[in-house]
Every structure is written in C-alpha cells, then in structure tokens.
Amino acid sequence: MREVEDDAVNQRDKDGDAGDTASRRKDARRNKETLLEAAATVFVTSGVDAPVRDIASRAGVGLGTLYRHFPTRADLIIAVYRHQVEACAEAGPALLESATSPHDALRQWIDLFVDFLVTKHGLAAVLRSDQSGFEGLHTYFLDRLVPVCTQLLDAARAAGEIREDIAALTLMRGVGNLCIGAETDPDYDARRLAAVLVDGLRRPD
C-alpha cells in the first residue's frame, strides 16, 4: 500500500513538473511575441538603432529576457522582419473574409505592407556584412508576400473592381518606392500616397 502511495506522489510530482515546464514555455513564447511587437513599434518611431532598453521597457520585460531571446541586435531585427512578413502574409486571406469588398481588403493590406516597409528601414545597413543573409531574407519576403498580393488583386479583378494590367510584384515595388521618403521625413505620409495608388487601380466607370 505504501508503494502505491509513493508511486501516486511521484506521478503527481512528475505531472506538476510537466505543467511547470509547459507554463514556462508558454511564458517564453508570450515574452518573445511581446518583444517582437514592441521592437517593431520602436523601430518605426526611432529606427533600428533605438536603444534596446526602450524595447524592453515597452515590452514590460527586463534586458536579460530580451538578450535571452535575441543575443544581438541583428538577431532582433531579423526576427522582427520575419514576424512582420508572416503577419502580412496571414492578413491577406483574413481581410478577404472580413472586408466589405476585395478592393477594400487590398487597400487595408497595402496599409499593413507600408507599415512593414517602414519597420524594416535600416535592415540593409545592419546586414551589409552578410550579403547572403540579406538575399535570403529578400527571397523569403517575395515568396511569402507576392502570392498574397496576387490573391488580393485576383479577387478584386474577379469582382470587376480594378483594372487587369497590374501584377502583384509591380504594385509592391511601386508602394516600396513611395515609402522611401518616410526614411528621412517624419511628416511624410507613405500610407496616404499608397492609398492614392490603390485607388488608381479602380476600373473607370
């Protein structure tokens, strides 16, 4: 009987340890997500050279937690880049489901795309010494986002809302060029100009 009780206690201890481990992993994932969101926000307002203590403070965590997840600034910037790419990629289909029209979904997605492009300002400078790393991220960016933009354009065309002669990569490059001014002028409104571009895709009445 004693052995049975001991076995039961040991099993409870193991279950408790497993629960604690799962909880710690969940907390670590949540901290990482919070840091990525905080870093993206700080990068938009202060650039990628912003003090890491500002990012940690905004995320509500200590510097030790930040460095545990992202040992170097380059690690953090690359992680933010990938995180933002995934957010843009996942937003496309969701917007097609929730927006009032495919064109409205495209417009909202382009707003997110503009925010992403502004966030990644300075990435090339950070990765200047690692050309292969930068090229790999650029390929990742194209592979994930061009199909999403294509899906949005195809839906708007099928609804008869936009013209036929614009490709996703062409539109994305155009939006990217409109974002260049935001790098040096805090009053430059890239979203507004991108909205004008998207409105220009509408079919003439």
Side-chain angles (χ1 to χ4, degrees), residues 33 36-37 39-45 47-48 77-128 130-205:
E33 288 291 316
L36 289 171
E37 294 293 342
T41 300
V42 172
F43 288 168
V44 169
T45 57
V48 295
I77 292 171
I78 291 170
V80 169
Y81 182 96
R82 287 181 170 272
H83 183 69
Q84 295 294 88
V85 168
E86 287 305 311
C88 277
E90 293 170 3
L95 287 170
L96 281 175
E97 290 289 331
S98 63
T100 57
S101 70
H103 183 270
D104 186 52
L106 175 64
R107 180 188 58 77
Q108 292 185 56
W109 187 82
I110 290 296
D111 281 347
L112 295 175
F113 183 58
V114 168
D115 292 343
F116 162 72
L117 292 177
V118 173
T119 299
K120 79 180 187 70
H121 169 53
L123 177 69
V126 173
L127 298 178
R128 189 173 292 134
D130 182 11
Q131 187 62 28
S132 62
F134 178 74
E135 289 175 354
L137 282 176
H138 185 64
T139 299
Y140 169 74
F141 160 81
L142 294 177
D143 288 347
R144 292 294 286 132
L145 297 189
V146 172
V148 176
C149 188
T150 298
Q151 181 185 16
L152 289 160
L153 288 171
D154 287 347
R157 289 192 194 99
E161 295 180 309
I162 65 171
R163 54 199 296 169
E164 300 284 339
D165 59 344
I166 186 75
L169 185 57
T170 301
L171 175 61
M172 292 166 66
R173 283 175 172 165
V175 172
N177 288 335
L178 291 175
C179 291
I180 293 174
E183 298 179 1
T184 55
D185 184 355
D187 296 323
Y188 185 90
D189 192 345
R191 267 195 175 200
R192 181 178 176 84
L193 291 177
V196 172
L197 175 61
V198 173
D199 284 343
L201 297 177
R202 285 190 176 277
R203 293 173 66 94
D205 294 332

Start with the C-alpha distance between Asp165 and Arg163, add both sets of side-chain angles, then the distance that settles salt bridge (charged side-chain N to carboxylate O under 4.0 Å, His left out), and finish with yes or no.
CA-CA 6 Å; Asp165 59 344; Arg163 54 199 296 169; 2.7 Å; yes
Compare every heavy atom of [Y] with every heavy atom of [X], then report the nearest pair and how far apart it is.
{"X": "Phe113", "Y": "Met172", "result": "CE2-O, 3.7 Å"}
{"X": "Ala105", "Y": "Leu95", "result": "CB-O, 3.6 Å"}
{"X": "Val148", "Y": "Cys88", "result": "CG1-O, 4.2 Å"}
{"X": "Tyr81", "Y": "Leu137", "result": "OH-O, 3.5 Å"}
{"X": "Ile166", "Y": "Thr170", "result": "CD1-CG2, 3.8 Å"}
{"X": "Val80", "Y": "Ala39", "result": "CG2-CB, 3.6 Å"}

Would Phe43 and Gln84 satisfy side-chain contact (heavy atoms from CB on, under 4.5 Å), going step by step from the backbone distance to the final call?
CA-CA 12 Å; Phe43 288 168; Gln84 295 294 88; over 6 Å; no
The criterion is side-chain contact (heavy atoms from CB on, under 4.5 Å); which residues satisfy it with [X], sequence neighbours excluded?
{"X": "Glu164", "result": "Arg157, Arg203"}
{"X": "Ala156", "result": "Pro102, Glu161, Ile162"}
{"X": "Ala79", "result": "Leu36, Phe70"}
{"X": "Ile110", "result": "Leu106, Val114, Leu171, Val175, Ala194, Val198"}

Leu197 CG to Arg192 CZ distance, which is reported to the nearest 0.5 Å:
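Those atoms lie 14.0 Å apart.
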Approximate separation, where rounding is to 0.5 Å, of Arg107 CZ and Arg191 CZ:
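One gets 9.0 Å once the value is rounded to the nearest 0.5 Å.
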Pairwise side-chain contact, [X] with [Y], heavy-atom cut-off 4.5 Å (strictly under):
{"X": "Leu153", "Y": "Cys149", "result": "yes"}
{"X": "Phe116", "Y": "Asp111", "result": "no"}
{"X": "Leu193", "Y": "Tyr188", "result": "yes"}

Of all pairs that satisfy side chain to side chain donor-acceptor pair (under 3.5 Å), the ones with a partner from residues 88-98, not counting sequence neighbours:
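The answer is none; no pair qualifies.
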Which residues share a side chain to side chain donor-acceptor pair (under 3.5 Å) with Arg144, sequence neighbours left out:
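Per chain and number, Arg144 pairs via side chain to side chain donor-acceptor pair (under 3.5 Å) with Glu86.
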